[in-house]
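Keep in mind it's a predicted model, so treat the numbers as computed, not measured.
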Amino acid sequence: MKKVALFFFLAITLAGCSKSDDENPVVTYNPIVAPQNENQIIDLAYGDDPEQKMDLYLPAGRQTNKTKLFIVVHGGGWFGGDKAYMENQVVLLRSTFPDCAIANVNYRLATAESLGFPKQINDLKQVVSFLNAKYKEYHIGREYAMVGVSAGAHLSMLYGYKYNLGNQVKAICSIVGPADFSDPNYESSPLFTKGINYFVGEYERYSDNPSLYDATSPVKQISASAPPTALFYGNNDPLVPNTQSERLKNTLDQHHIYNESYQYEAGHGDWTEEQLNDINLKTTEFFRAHFE
C-alpha cells in the first residue's frame, strides 16, 4: 500500500519536476495494432493546437464496444499543469483496472488573453469526440469515467454534469475540485484572485457576473442524469473552501445521485500516507462498483 500512496501523492501535486529525456523517454507505438497486444500512444493529437495532446494506454485483450476508458484530467489552476503530473495516477489505474484503457489528457491552458472557459470544456468535448470516432481503430468502447484533480476535477464535473451528451460518462472522481462559485467563502480565497480569473475573466466576486459563475459551477449543472461521483476534500484547504464538499453532496443528494463524500484533516493535497492509502482504496472501490 505504501507504493500506492506515493502514486497518488505525486498525482495530486500541482507542481511537477521536469525529467531529462534519458530519465523519461518518449515511447510511441503504432496506433493501429491488434487488440490482443498492449499499446501506448504518447502525445497523441486530438486537435490542431500543440497543447491538445493525450497519452493513450490500451490494454491487451481489449474489445470494440466493450473496453471502458478512464479520462484523467490534471490540475494547475486552469493556467498551469501538465498531464505528466498525473503519470502516477495512470500507473495506479493501470494496476487496479488492467482491462480498462486510459487517456491522460492535456488541454489548452488559460492566459489573460485566452480564458479557460469555454475552451477547456471544448477540449474535453473534443477528447470524447475523438475517442468516439476512433473506437473501432483502437478496439475500445464508448463508456468513460473521469478522474480529475483540483482544476481538472472542476472540469471533469462540469463536463460530466452539463456536457455529457448520451450519458457516456458513467462515473466521476473529484479530488479537491472547485464545485460552486456562488459559495461566499470563495470571495476570501486566493483562488478568486489567481486561477479563477484565468478561467472566467476579471470578475472579483460572484455578484459581478452571477450568470457566468453559475454557468461554470458544476453544482449548478447537476440534474437527475448526473453520473455517480466520489468526492475527496481537505478541511484546511487554502484554495478550495471546505464548504464546497457539503454544497456538492447536498445537491447530488437532492437529485438522488449516488455519491460518496470524504473530508480529511488536510489541505490541498498535503495529506498523510494513511489518508492517501484510504483515498486510493475508496477510489478503487467506487470505480469497481460504478464503472468496472
Practice item. Could you tell me whether Lys125 atom NZ has more than 12 heavy atoms of other residues or ligands within 6.0 Å of it? Key: yes

Check your understanding: How far apart are the C-alpha atoms of Asp253 and Thr251, what are their side-chain angles, what is the distance that settles it, and do they pass the side chain to side chain donor-acceptor pair (under 3.5 Å) test?
Key -> CA-CA 5 Å; Asp253 287 343; Thr251 307; over 6 Å; no

Exercise for review: Please check if the side chain of Gln63 supplies one atom and the backbone of Ile140 the other of a donor-acceptor pair under 3.5 Å.
Suggested key: no

**Study point:** Heavy-atom pair with the smallest gap, counting every atom of Met157 and Pro218
**Key:** CB-CB, 3.7 Å

Review point. When you check the side-chain N and O atoms of Glu265 and Asn235, is any donor under 3.5 Å from an acceptor?
Key: yes

Check your understanding: Would you call the rings of His74 and Tyr85 parallel, tilted or perpendicular if under 30° counts as parallel and over 60° as perpendicular?
Key -> perpendicular

Point to revise | N/O donor-acceptor pair under 3.5 Å between Arg94 side chain and Val91 backbone | key: no

Check your understanding: Taking the six-membered ring for Trp, is the centroid-to-centroid distance between Tyr262 and Tyr233 below 6.0 Å?
Key -> no

Practice item. Ignoring hydrogens and angles, state whether a donor on the side chain of Ser150 or His268 is under 3.5 Å from an acceptor on the partner side chain. Key: yes

Check your understanding: So which heavy atom on Val128 is nearest to which on Tyr159, and how close?
Key -> CG2-OH, 3.4 Å

Exercise for review: Compute the ring centroids of His154 and Phe181, then answer whether they are less than 6.0 Å apart.
Suggested key: yes

Study note, to complete from the structure: Between Gly148 and Ala153 the two heavy atoms that sit nearest each other are O-CB, 3.2 Å

Exercise for review: Kindly indicate whether a cation-pi arrangement holds for Lys282 with Phe232, taking the cut-offs as under 6.0 Å to the six-membered ring centre and within 45° of the axis.
Suggested key: no

Check your understanding: Is a side-chain N or O of Gln221 found less than 3.5 angstrom from the main chain of Asp214, in a donor-acceptor match?
Key -> yes

Review point. Just checking, is any N or O donor in the side chain of Tyr264 or Asp278 under 3.5 Å from an acceptor N or O on the other one?
Key: yes

Review point. Transitively linked via ILVMFWY side-chain contacts under 4.5 Å: Met86 with Phe286?
Key: yes

Review point. Honestly, is Arg205 close enough over Tyr213, meaning NZ or CZ under 6.0 Å from the six-membered ring centre and within 45° of the axis?
Key: no

Point to revise | Lys/Arg N to Asp/Glu carboxylate O, Asp43 vs Lys83, below 4.0 Å | key: yes

Exercise for review: Look at Asp180 together with Arg247 and state whether they make a salt bridge at an N to O cut-off of under 4.0 Å.
Suggested key: yes

Review point. Charged N to carboxylate O below 4.0 Å: is that the case for Glu51 and Lys119?
Key: no

Review point. Do you see a donor-acceptor pair shorter than 3.5 Å between the side chains of Asn259 and Thr229?
Key: no

Review point. Cut-off 3.5 Å, side chains only: do Gln40 and Asp55 have a donor facing an acceptor?
Key: no

**Study point:** Joint cluster assignment, Tyr198 & Ile121, ILVMFWY side-chain distance < 4.5 Å
**Key:** no

Practice item. Start with the C-alpha distance between Asn132 and Tyr144, add both sets of side-chain angles, then the distance that settles side chain to side chain donor-acceptor pair (under 3.5 Å), and finish with yes or no. Key: CA-CA 10 Å; Asn132 284 342; Tyr144 308 107; 2.8 Å; yes

Review point. Once you round to the nearest 0.5 Å, how far does CG of Leu56 lie from OH of Tyr138?
Key: 6.0 Å

Check your understanding: Can you tell me if CD on Glu260 sees more than 12 non-hydrogen neighbours from other groups inside 6.0 Å?
Key -> yes

Review point. Going by atom types alone, do Gln263 and Asn242 pair a side-chain donor with an acceptor below 3.5 Å?
Key: no

**Study point:** Closest non-hydrogen atom pair, Pro241 against Asp183
**Key:** CB-OD2, 4.2 Å

Study note, to complete from the structure: Rounded to the nearest 0.5 angstrom, the CE-CG distance for Met146 and Leu155 is 8.0 Å

Practice item. Taking the six-membered ring of Phe291 (Phe, Tyr or Trp), confirm whether the NZ or CZ of Lys68 is under 6.0 Å from its centre and within 45° of its axis. Key: yes

Review point. If you measure from the Lys or Arg side-chain nitrogens to the Asp or Glu carboxylate oxygens, is any gap between Asp49 and Arg108 under 4.0 Å?
Key: no

**Study point:** Residues Met54, Asn106; criterion side-chain contact (heavy atoms from CB on, under 4.5 Å); working and verdict
**Key:** CA-CA 6 Å; Met54 71 171 79; Asn106 269 350; over 6 Å; no

Practice item. Could you check Tyr203, Tyr107, Phe199 and say which one makes a ring pair (Phe, Tyr, Trp, His ring centres under 6.0 Å) with Phe117? Key: Phe199

